[in-house]
Amino acid sequence: QVQLVESGGGLVQAGGSLRLSCAASGNSFSIHAMAWYRQAPGKQRELVAAITSGGSPNYADSVKGRFTISRDNAKNTVYLQMNSLKPEDTAVYYCNAAVTTYAPPRYLEIWGQGTLVTVSS
């Protein structure tokens, strides 16, 4: 079984920065694309940023120029550096990964438990 564990959320003032981390753990697996989503109170979950296994990123228009997604394949970890944070960035942030397991052979999309980011004005 493969699990994602996020860390790095918290409370920050507007204009500040936070760095989220998400580490995958388990046995006999490979990770393909990874992504960060967020869900604000009363709103649908939305894609924030994604990154391919080769390191090519994509961003939601609302975070372009402020957020940076990166990954360390050796550590099975994806990061989200968030700068110039705004109150509207307040949400629970979820890590997502496309994974292939080998015993048994399966293709899965898995989610972390979420980490709360609160940006005060």
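FYI, the numbering just counts along the sequence from 1.
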K.L.:
Does a side-chain heavy-atom distance below 4.5 Å link T101 with L108?
P.N.:
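Touching, per the 4.5 Å side-chain cut-off.
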K.L.:
Closest approach of S21 and W36, non-hydrogen atoms and distance?
P.N.:
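The pair with the smallest heavy-atom distance is O-CH2, 3.6 Å.
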K.L.:
Answer yes or no: is there a side-chain heavy-atom contact under 4.5 Å between E88 and S62?
P.N.:
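Contact flag for E88/S62 side chains = no.
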K.L.:
I need the full list of disulfide bond (SG atoms under 2.5 Å apart) pairs touching residues 30-93, with sequence neighbours left out, sorted by first then second residue.
P.N.:
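Of all non-adjacent pairs touching residues 30-93, none passes disulfide bond (SG atoms under 2.5 Å apart).
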K.L.:
State whether the side chain of T77 and the backbone N or O of K75 hold a donor-acceptor pair below 3.5 Å, judged by distance alone.
P.N.:
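Yes, T77 side chain to K75 backbone: donor-acceptor pair under 3.5 Å.
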K.L.:
What closest approach, in Å, do F67 and Y59 show between heavy atoms, and which atom pair accounts for it?
P.N.:
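Closest pair (atom of F67, atom of Y59, distance): O-CE2, 3.3 Å.
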K.L.:
Counting distance only, does the side-chain N/O of R19 pair as donor-acceptor with the main-chain N or O of G9 below 3.5 Å?
P.N.:
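Here the side-chain-to-backbone pair does not exist.
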K.L.:
Given the rule in the side chain to side chain contact (heavy atoms under 4.5 Å, CB included) test, do Q13 and S121 qualify, once you have shown the distances and angles that lead to the verdict?
P.N.:
CA-CA 6 Å; Q13 288 188 330; S121 58; over 6 Å; no
K.L.:
Would you say the side chain of V78 lies within less than 4.5 Å of the side chain of I69, judging by non-hydrogen atoms?
P.N.:
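In short, these two side chains touch, coming nearer than 4.5 Å.
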K.L.:
If hydrophobic clusters are built from ILVMFWY residues whose side chains come within less than 4.5 Å, do V92 and V63 share one?
P.N.:
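Result: no, two separate clusters.
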K.L.:
Is it true that K64 and D61 make a salt bridge, defined as a side-chain N closer than 4.0 Å to a carboxylate O?
P.N.:
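A salt bridge is present here (some side-chain N lies under 4.0 Å from a carboxylate O).
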K.L.:
For residues K43 and Q39, report the shortest heavy-atom separation together with the two atoms involved.
P.N.:
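Between these two residues, the closest heavy atoms are O-NE2, 3.1 Å.
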K.L.:
Determine all donor-acceptor pairs shorter than 3.5 Å in which one atom belongs to a side chain in residues 23-32; sequence neighbours excluded.
P.N.:
{"unit_1": "S30", "atom_1": "OG", "unit_2": "Y102", "atom_2": "OH", "d": "2.5"}
{"unit_1": "H32", "atom_1": "NE2", "unit_2": "T100", "atom_2": "OG1", "d": "2.6"}

K.L.:
Between S7 and L20, is any pair of side-chain heavy atoms under 4.5 Å apart?
P.N.:
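S7 vs L20: side chains apart.
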K.L.:
With no hydrogens and no angle check, is any side-chain donor or acceptor of T52 less than 3.5 Å from a backbone partner on S56?
P.N.:
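At least one qualifying donor-acceptor pair exists.
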K.L.:
Do Y93 and L80 have side-chain heavy atoms sitting under 4.5 Å apart?
P.N.:
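With C-beta onward as the side chain, the pair touches.
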K.L.:
Kindly compute the distance separating CG (L4) from CD1 (I110), expressed to the nearest 0.5 Å.
P.N.:
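One gets 3.5 Å once the value is rounded to the nearest 0.5 Å.
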K.L.:
Check for a donor-acceptor pair, side chain of E6 on one end and backbone N or O of Q113 on the other, with a separation under 3.5 Å.
P.N.:
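At least one qualifying donor-acceptor pair exists.
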K.L.:
Do the non-hydrogen side-chain atoms of M82 and V117 ever get within less than 4.5 Å of each other?
P.N.:
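In contact.
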K.L.:
What is the distance from atom OG of S70 to atom CE of M34, rounded to the nearest 0.5 Å?
P.N.:
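Reported to 0.5 Å precision, the distance equals 10.5 Å.
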K.L.:
State whether the side chain of R66 and the backbone N or O of S84 hold a donor-acceptor pair below 3.5 Å, judged by distance alone.
P.N.:
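A pair under 3.5 Å: yes.
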K.L.:
Compare all side-chain heavy atoms of L18 with those of L85 and state whether any distance is below 4.5 angstrom.
P.N.:
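Of all side-chain heavy-atom pairs linking L85 with L18, at least one is under 4.5 Å.
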K.L.:
Under 4.5 Å between side-chain heavy atoms, hopping through other hydrophobics if needed: is there a path connecting W111 to L47?
P.N.:
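Yes: a chain of side-chain contacts under 4.5 Å links W111 to L47.
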K.L.:
Is there a donor in the side chain of S17 and an acceptor in the side chain of N83, or the other way round, less than 3.5 Å apart?
P.N.:
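The answer is yes; a qualifying pair exists.
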K.L.:
Establish, for the pair R38 and Y94, whether the NZ or CZ atom is under 6.0 angstrom from the six-membered ring centre and no further than 45 degrees off its axis.
P.N.:
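So R38 doesn't make the cation-pi contact.
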